[in-house]
Structure formats: structure tokens, C-alpha cells
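It should be emphasised that the depicted structure is a prediction, and the values quoted were computed from it without experimental measurement.
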Amino acid sequence: MDEKGLRELLLQRLHMELLLFKDSMFQKEKEDIFMDSYRIEIYVNLYEILLAHTENLQCGMIRGLLALNSGILDHLYQEWLDREDSFYVELKEYACGELEVMPGKINPGAKKEGDDGTEPDQAA
């Protein structure tokens with residue numbers, strides 16, 4: 001098969017995988033769909049990324065993707081889950097930083113509590 005045919009086959013397979021994934025999500029209860037929202041977002045993003053970059057793939061890579069026994073999107077999703085990403089660390093740093101300054105934002109006249117968790121001393 002020529003390179004153009006391989007690319008078209010890859011695009012068709014990715015499209016079919018996404019359709020099957022969407023169909024499987026539509027079979028679920030609302031709560032289960034909500035619990036899979038991260039997976040849904042990643043699948044859709046992976047699909048869009050692959051569509052945009054299919055033209056840059058060499059024939060060997062396309063053949064390798066087409067030869068995967070599992071779904072391409074599912075394979076990439078599983079690999080993504082195994083990666084350590086900086087999102088959680090950045091979110092934690094942000095949230096903890098905001099918790100430190102939040103009392104001043106909510107009540108500008110409020111004083112921070114002491115290091116030991118006690119209320120600040122107030123003069124009568």
C-alpha cells in the first residue's frame with residue numbers, strides 16, 4: 001500500500017476508534033459519564049492531535065500504529081496515565097499559595113492566625 005493509502009487508513013481507524021469510544025460513553029449512566037470526563041477529554045484531544053500530525057508521520061510509524069493490537073487512542077491514553085505530569089504539582093502550589101493569602105482577600109482587615117493555629121491577639 002502506498003503512503004497516501006496508509007495515511008487514509010490511519011485516519012479512518014482513528015475516526016472509527018473515536019466513534020466507538022463515544023458510543024461506549026453514550027451507553028453509560030450520567031454519573032459514570034461524569035466520572036469518565038477526564039478520559040473523554042484526553043481521547044478527544046489525542047484524536048485531534050493525531051489528525052493534525054498524521055501528515056508528518058513516516059510510513060514505518062503509520063504501519064506500527066495500524067499494527068497495534070489495542071486501539072491507538074486507548075494505547076496513548078494508557079501511556080499518558082503512566083506519565084507523571086506537572087499539573088497536580090502546579091495546582092497544589094497554586095491552591096496552597098491562595099489559601100495563605102485568601103483571608104486577606106476575603107476580609108482585608110483580618111490578621112493571619114498564629115503559626116500554632118491560634119487566633120491572633122487582639123487588643124481590647
Roughly how far, to the nearest 0.5 Å, is the [atom2] atom of [Y] from the [atom1] atom of [X]?
X: R63; Y: Q58; atom1: CZ; atom2: CD; result: 12.0 Å
X: K4; Y: E55; atom1: NZ; atom2: CD; result: 9.5 Å
X: L76; Y: I49; atom1: CG; atom2: CD1; result: 9.0 Å
X: S37; Y: D32; atom1: OG; atom2: CG; result: 11.5 Å
X: I40; Y: M35; atom1: CD1; atom2: CE; result: 12.0 Å
X: L6; Y: M61; atom1: CG; atom2: CE; result: 13.5 Å

Locate the shortest heavy-atom distance separating [X] from [Y]; write the atom from each residue and the value.
X: L10; Y: L66; value: CA-CD2, 3.8 Å
X: N56; Y: R7; value: N-NH1, 4.4 Å
X: R13; Y: G71; value: NH2-CA, 4.0 Å

For [X], does the [atom1] atom have more than 12 heavy-atom neighbours from other residues, nucleotides or ligands under 6.0 Å away?
X: E29; atom1: CD; value: no
X: N69; atom1: CG; value: no
X: F34; atom1: CZ; value: no

Review point. So among Q78, H75, E17, which one has a side-chain contact (heavy atoms from CB on, under 4.5 Å) with S70?
Key: H75
Is there a continuous path of hydrophobic side-chain contacts, each under 4.5 Å between heavy atoms, that joins [X] to [Y]?
X: M1; Y: L65; result: yes
X: L20; Y: L11; result: no
X: M16; Y: L14; result: no
X: L18; Y: Y38; result: yes

Review point. Does a side-chain N-to-carboxylate-O contact under 4.0 Å join R83 and E79?
Key: no
Review point. Which class fits the ring pair Y77 and Y43: parallel under 30°, tilted 30 to 60°, perpendicular over 60°?
Key: tilted
Check your understanding: Are V44 and F21 close enough that some pair of their side-chain heavy atoms sits under 4.5 Å apart?
Key -> no
Check your understanding: Are L73 and L50 side-chain neighbours, meaning at least one heavy-atom pair lies under 4.5 Å?
Key -> yes
Point to revise | Exam field: side chain D36 to backbone R39, donor-acceptor pair closer than 3.5 Å | key: no
